[in-house]
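For reference, the structure discussed in these notes is given below.
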2 protein chains.
Amino acid sequence: MEEKNYCYKYPHPAVTSDCVIFGFDGVAIKVLLIQRGIEPYKDKWAFPGGFMQIDETVEECAKRELEEETGLKTTSVEQFYTFSDVNRDPRERVITVAHYALVRLEEVKGGDDAMSAQWFAMNEIPSLAFDHDRILRIAVNRLKERICFEPIGFELLPEIFTMSALQNLYEAILEMKFDRRNFYNKMLKLGILSEAEERPKNASRRTPIKYRFNAKKYAELKQKGFRLEF
Amino acid sequence: MEEKNYCYKYPHPAVTSDCVIFGFDGVAIKVLLIQRGIEPYKDKWAFPGGFMQIDETVEECAKRELEEETGLKTTSVEQFYTFSDVNRDPRERVITVAHYALVRLEEVKGGDDAMSAQWFAMNEIPSLAFDHDRILRIAVNRLKERICFEPIGFELLPEIFTMSALQNLYEAILEMKFDRRNFYNKMLKLGILSEAEERPKNASRRTPIKYRFNAKKYAELKQKGFRLEF
DNA sequence: ATATCTTTGCGTCAAATTAACGCAATAAAG
DNA sequence: CTTTATTGCGTTAATTTGACGCAAAGATAT
């Protein structure tokens, strides 16, 4: 018989944080899911997440649960919506604050044996536990909006990347195709890319220029107010 | 001695919903505040809001509390951020889901005797209870972002309005000035305004054209994906 | 009354931006 | 060895933006 030692005058819901983690493999956007080991929804796939402790914020909770369940240590998650439908969890009243983060695929040893975390391409997502399908839909919309205003995409790429890698990423997220030459010009004109390494003199046309994200230039731009548009 | 009948195995936070209600008096943006009648922060101004009941969503809670505290019945509120700092309420651990809504000023009998709700212009906001200063800052930012993508501004105007009333609203929210003629052209080109009434033949130049928001046209536009820009 | 200021509708025009596409070099694939 | 794909660097026309002109006539001040 379990003890219930925390008592209140009025009913309180439980609060959880969930994490929608996006990655990019060079071709498609992927999300990180874990397979539930316990009821409810045992064996179903779900987002990493769990109950908030009484002495942590929802963001701290999201990062803690993410690391516990997937081994992934991320510096920042961003909350995007709080789901509070009355019956979203069969155990008790639970509201969840959903977060998202963008990570480089290498950072997760996905498909580990210890952790049952696994990357899924957007078109291969299995049926999810709880209301996580809805959470995913909203997360994807938020990602699409966000990428047009902040250069968060760089968090998904290796530190050094080519222009076509960047274009592939934008095309994958926004589900659009862009003219290669116009994309190239637009990105360069923004001024937030720096050439990453000296180009060898013998470099041929087919050897692409390598870039890195210039956070300093971006900060200046942001100060003035600007917009990344597509 | 009060009874505490709701017991849990782990500590649970209380959950509240707060409402940042925006209005527009033709010149300035205003927000609706209530004066607290009880501790903590007794007599301080705060956003309408209160504890979520166990059988309602956070949005339902926001609307219910708003009506209870200000008499304002609004059809929709939109949540924009969940505040979860550990010590944001001295009584117990409370996380709050903050919402915003835009209403026409007439709809609130502000400054009533019964209700201590009152409209404040943005530059006359008193010091607020809890972390409500921070909530307001974030709400204002969200409003600015939002007005550029969705024509939510119409919710703040009377059903029938003139172009310069609309421009005043945008200028008040975005804290910018626009060229009257360019604003006029841009708005008309969007195609989401309809002329509200036949213009009398004897109408002079100084009699402005009256418009109303064309929700149908807007829905069509939104389908295709578009952007309201300033 | 008379002069001045303000508001409104409607336009103009140059500058900037966008969108579509050409071309040559050359690595990679068949 | 031929074909295909990728990359850097353009060009050009269409569109959009931003700054501003102008006249009619109500509002305001003298």
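Order of the sequence lines sets the chain letters (A, B, ...), proteins ahead of strands, with each chain counted from 1.
Note: CZ (Phe183(B)) to P (dC10(C)) measures 16 Å, nearest angstrom. In this structure, CE of Met163(B) is placed 10 Å from P of dC10(C), rounded to the nearest angstrom. Computed from coordinates, the Leu188(B) CG to dT8(C) P distance equals 14 Å when rounded to whole Å. In this structure, Lys210(B) atom NZ and dT7(C) atom C1' are separated by 14 Å, rounded to whole Å.
Glu68(B) has a carboxylate O that lies under 4.0 Å from a charged side-chain N of Arg64(B), or vice versa, which qualifies the two as a salt bridge. A salt bridge links Glu175(B) to Lys144(B): at least one charged side-chain nitrogen sits closer than 4.0 Å to a carboxylate oxygen.
Taking the six-membered ring where the residue is Trp, the centroids of Phe130(B) and Phe47(B) are separated by 6.0 Å or more.
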**Request:** Verify side chain to side chain contact (heavy atoms under 4.5 Å, CB included) between Leu33(B) and Gln118(B), making sure each step is shown before the conclusion.
**Result:** CA-CA 5 Å; Leu33(B) 300 175; Gln118(B) 201 172 304; 5.9 Å; no
**Item:** Per-nucleotide protein contact string for nucleotides 18-25 of chain C (B base, S sugar-phosphate only, - none; heavy atom under 4.0 Å)
**Value:** SBBBBBBB
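Two residues are said to be in side-chain contact when any heavy atoms from C-beta on lie closer than 4.5 Å; Arg146(A) and Leu102(A) fail this criterion. In this structure the side chain of Phe24(B) never reaches within 4.5 angstrom of the side chain of Phe22(B), judged on heavy atoms.
Here Tyr184(A) reaches the OP1 or OP2 of dC9(D): one of its side-chain N or O atoms lies under 4.0 Å away.
Ser164(B) comes within 4.0 angstrom of the backbone, heavy atoms only, and of no base.
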